There are 2 protein chains.
Amino acid sequence: MSKKSNLPQPTDAELGILQILWKAGPSTVRFVNEQLNEQQEKEIGYTTTLKLMQIMTEKKLLSRNTDTRTHVYLAEAVQGDTQKALLKKFVDATFQGSATSLVMQALGNHETSQQELDEIKALIEKIEKG
Amino acid sequence: MSKKSNLPQPTDAELGILQILWKAGPSTVRFVNEQLNEQQEKEIGYTTTLKLMQIMTEKKLLSRNTDTRTHVYLAEAVQGDTQKALLKKFVDATFQGSATSLVMQALGNHETSQQELDEIKALIEKIEKG
DNA sequence: TTGCATTTACGAAAAGTTTCGTATATCATT
DNA sequence: AATGATATACGAAACTTTTCGTAAATGCAA
């Protein structure tokens with residue numbers, strides 16, 4: 001019996017915020033906003049980030065600690081689960097459900113190091129062994 | 001000197017239309033609309049599909065033959081190129097640019113047949129050799 | 001030819017997402 | 001206590017995407 005999280009899928013902007021929280025752990029709006037503005041060329045206003053994080057908290061993608069004046073936000077959406085769900089949707093829409101087509105396309109742009117190829121080969125072997 | 005197509009990326013709904021045209025070849029709005037409604041549960045109105053295809057024609061994602069009253073639409077966006085561009089955007093947003101992470105996730109989660117695994121292995125070998 | 005069904009054209013509503021202005025509260029410094 | 005900097009709350013504007021209503025044109029069949 002696995003527990004489904006059943007969270008809504010994040011939008012593009014929301015995913016950007018999740019990436020930061022997944023990487024950095026619990027953070028303030030100020031920090032997340034700064035990270036976003038480092039990653040991107042386009043400047044994003046502080047209240048924009050705040051609003052998004054408030055919406056995400058409502059959707060349960062995040063939770064927050066409001067003990068101090070400066071709230072600290074935590075990602076509730078699990079990275080792996082979120083990626084998995086987004087991947088499924090993407091494979092369905094773009095590759096008509098064929099994960100293999102996607103893998104071929106992804107590897108086809110041969111910018112994959114030998115070490116990464118080895119990892120993939122190892123995984124394939126593991127799958128083949130059952 | 002390769003010629004870049006430089007087409008805008010399709011939206012979700014537009015991609016659904018492209019999939020049908022890629023598979024079926026040149027088609028009428030009526031046909032595309034029927035296909036969409038077979039694939040999905042949600043009923044899409046005829047003029048909705050028409051409007052989308054008109055917009056896509058403006059964007060050069062499609063072209064059309066207007067010789068007869070019932071126009072026949074053709075996909076101008078190339079399937080492989082479109083998939084590649086969408087994949088890059090998706091990998092960047094969801095896997096922080098790591099195609100390997102995506103491949104691992106895709107192989108890990110989806111059911112992959114032995115034949116498909118063989119194809120992937122063959123591709124990996126090809127990459128390693130060349 | 002007249003009327004009905006089907007098509008295209010067009011605009012705009014509806015829905016979803018992102019952005020920010022402004023008000024208000026809180027904290028630190030003077 | 002007053003001032004200034006920074007935080008949250010909230011609503012609504014601005015954009016993007018999707019959907020459809022309605023009008024006008026075209027072809028078909030009685």
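Sequence lines set the chain letters: A, B, ... in the order given, protein chains first and strands last, and positions in each chain run from 1. Scope of the values below: all heavy atoms of this structure, side chains included, with no hydrogens, waters or symmetry mates. From a predicted model like this one, the values you see are computed outputs, not experimental measurements.
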Does D/dC10 have OP1 or OP2 sitting under 4.0 Å from an N or O in the side chain of A/Gln54?
no
B/Leu50 CG - D/dA24 C1' separation (whole Å)
14 Å
Please report, rounded to the nearest Å, how far the P atom of D/dA7 is from the CG atom of A/Asp67.
17 Å
So, is A/Thr11 close to the C/dT17 phosphate, meaning a side-chain N or O under 4.0 Å from OP1 or OP2?
no
Taking CZ from A/Arg69 and P from C/dT24, how many angstroms apart are they, rounded to a whole number?
17 Å
Hey, does the side chain of B/Lys51 come within less than 4.0 Å of C/dG11's phosphate (OP1/OP2), counting only N and O?
no
Does anything in residues 18-33 of chain B reach DNA chain D, meaning a heavy atom under 4.0 Å, and if so which residues?
none
Determine: side-chain N/O of B/Arg64 to OP1/OP2 of C/dA9, distance under 4.0 Å, yes or no.
yes
On the nucleotide C/dT19, are OP1 or OP2 found under 4.0 Å from the side-chain N or O atoms that A/Tyr46 carries?
no
May I ask you to say what B/Thr70 touches in the nucleic acid, namely base, sugar-phosphate or nothing, with a heavy-atom cut-off under 4.0 Å?
sugar-phosphate
A/Asn37 side-chain N/O to A/Glu43 backbone N/O, donor-acceptor pair under 3.5 Å
no
Is any side-chain N of the basic residue among B/Lys121 and B/Asp118 closer than 4.0 Å to the acidic one's carboxylate O?
yes
Considering every strand and a 4.0 Å limit on heavy-atom distances, what is the contact class for A/Thr48: base, sugar-phosphate, or nothing?
base
Do the side chain of B/Asn33 and the main chain of B/Ile44 share a donor and acceptor less than 3.5 angstrom apart?
yes
